[in-house]
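Sequence positions, counted from 1, serve as the residue numbers for this chain. All values derive from a computational prediction rather than experimental measurement.
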Amino acid sequence: MMLCLRGTGNIRYHKRTLYSTLVPSDEVTVNYKHGLPMITLTLPSRKERCQFTIKPMRMTVGDFLQDIKREDNAIEKVEVFTADNSVISNSTLMEVLLMNDFKLVINGTEYSVHPPLKDKISTEHATEIDDIKSLVHRLFAALHLEDHQTRRERELMQKMELLKEELLPLEQMKAGITADVDAKTSRLLWIGLALMSTQGGALAWLTWWVYSWDIMEPVTYFITYGSAMAFYAYFVLTKQDYVYPDVRDRQFLYYFHQKSKKSKFNMEQYNKLKDDLAEVEESLKRLKNPLKLHLPIQEIDDKH
């Protein structure tokens, strides 16, 4: 943004420029307005004062020099040097340039520029630019948040549909494997119950009909001791207590992995798709909940 000023005081409009009254001067000055630096210099051909608004974080020295050339076609060469006559690269940010004094050379005419120090800028200007930034942020949130939410929700819904389509054949294969494995595990449990019943009936028959309790008592002792050894061996091998529900789940998983390998069921892909689907569903839940809209995922999880 450039503001060009004539010494006559007449106001006229020009492409990319606005003219107003200002005391004529051949010096190049730097002032701050609304928190942004304004560089004012005299154009060689028109002898008019022209003011350039600088965006320090976005503009480079090359951008600034191009703006000067575009403003006055009579300018053939414009360069920037440090105070000790070292050339400043065109890729240097204006924020860096304005930290120290520098020289601006236009068509061989040298101007010494003395930017004000940042710590000397009034706190009023700093507060004003902070208020502007806060206002812009609130306006953007008010005007675009709903559109952003709608667009984001549409993207998440499409992603969820794609994940469900990829999961469908895997879910069907998993359901078939689960049914076979569950039936096999149940048969194993019934076989265990049948063996225990057979053992109990055999011991009762030997105790009351074949031998006496005096003979069978040592036999039952060693059977009990052997069972205790078997349970202890289970703990040593699995690092788990012999609890019937846990034993069943362990056996189910063993059969499931065996069946998965035979059926060529890609378990890694299935788990990854399930994790991605859970993440998308959680994102949708957060998006639809205004209380959690601006909270990070980890913080929400910690509250649960």
Side-chain angles (χ1 to χ4, degrees), residues 1-140:
M1 175 180 177
M2 285 80 70
L3 176 65
C4 293
L5 308 125
R6 298 172 61 105
T8 60
N10 296 326
I11 298 178
R12 69 185 181 86
Y13 290 94
H14 186 270
K15 185 178 180 181
R16 298 174 51 84
T17 61
L18 172 66
Y19 299 93
S20 182
T21 57
L22 189 67
V23 177
S25 174
D26 292 335
E27 295 182 356
V28 177
T29 59
V30 180
N31 297 303
Y32 281 81
K33 186 176 181 181
H34 301 300
L36 294 176
M38 314 280 288
I39 299 180
T40 306
L41 54 88
T42 302
L43 299 177
S45 63
R46 305 196 299 262
K47 299 302 180 182
E48 298 171 349
R49 297 286 287 172
C50 188
Q51 198 173 69
F52 296 85
T53 301
I54 305 300
K55 299 176 182 178
M57 295 297 295
R58 297 175 56 186
M59 288 183 63
T60 63
V61 172
D63 297 333
F64 173 57
L65 299 182
Q66 288 297 325
D67 287 344
I68 296 176
K69 289 182 178 179
R70 280 195 295 267
E71 194 59 34
D72 192 342
N73 295 328
I75 297 177
E76 298 178 357
K77 187 175 183 181
V78 56
E79 296 176 294
V80 179
F81 298 87
T82 61
D84 56 359
N85 296 322
S86 299
V87 179
I88 296 179
S89 171
N90 287 340
S91 61
T92 304
L93 287 175
M94 289 299 295
E95 183 185 30
V96 178
L97 177 67
L98 295 175
M99 288 181 179
N100 301 291
D101 295 344
F102 63 92
K103 296 179 181 179
L104 182 64
V105 180
I106 303 177
N107 288 346
T109 304
E110 182 179 300
Y111 302 92
S112 295
V113 186
H114 307 284
L117 298 178
K118 284 191 174 182
D119 55 0
K120 292 184 179 179
I121 301 175
S122 66
T123 55
E124 179 182 353
H125 289 160
T127 304
E128 188 174 326
I129 193 65
D130 289 340
D131 293 341
I132 293 174
K133 289 180 180 179
S134 177
L135 177 60
V136 170
H137 175 74
R138 291 198 298 270
L139 287 174
F140 179 83

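The side-chain heavy atoms of M38 and Y32, taken from C-beta on, include no pair separated by under 4.5 Å. Side-chain atoms of K103 and D84, non-hydrogen and from C-beta on, never get closer than 4.5 Å to each other. Side-chain atoms of P44 and I106, non-hydrogen and from C-beta on, do get closer than 4.5 Å to each other. The side-chain heavy atoms of V80 and L65, taken from C-beta on, include a pair separated by under 4.5 Å. Side-chain contact between S86 and F81 is absent, with no heavy atoms from C-beta onward closer than 4.5 Å. Residues C50 and T40 fail the side-chain proximity criterion, which asks for heavy atoms closer than 4.5 Å. Side-chain atoms of V105 and V78, non-hydrogen and from C-beta on, never get closer than 4.5 Å to each other. No side-chain heavy atom of S112 sits under 4.5 Å from any side-chain heavy atom of F102.
Taken to the nearest 0.5 Å, the CD1 atom of I68 stands 9.0 Å off from the CG atom of L43. Once rounded to the nearest 0.5 Å, the distance linking CD1 of I54 with CG of L36 reads 9.5 Å. Atom CG of L41 is separated from atom CZ of R49 by 7.0 Å, given to the nearest 0.5 angstrom. With rounding to the nearest 0.5 Å, the separation of CD1 in I75 from NZ in K69 is 9.0 Å. Taken from OH in Y111 to CD in E27, the straight-line distance is 10.5 Å, to the nearest 0.5 Å. To the nearest 0.5 angstrom, E48 atom CD is 8.5 Å from D72 atom CG.
Of the possible donor and acceptor atoms, none in the side chain of D63 sits under 3.5 Å from a partner among the backbone N and O of N90. Of the possible donor and acceptor atoms, none in the side chain of D101 sits under 3.5 Å from a partner among the backbone N and O of T82.
Of the charged side-chain nitrogens involved, at least one lies within less than 4.0 Å of a carboxylate oxygen, so that K77 and E79 count as a salt-bridged pair.
The nearest pair of heavy atoms linking M94 to F64 is SD-CB, 3.8 Å. Of all non-hydrogen atoms in M99 and E95, the two that sit nearest each other are CG-O, 3.3 Å. Nearest heavy atoms, V113 versus P115: O-CD, 3.5 Å. The shortest non-hydrogen separation linking P116 to V30 is CD-O, 3.4 Å.
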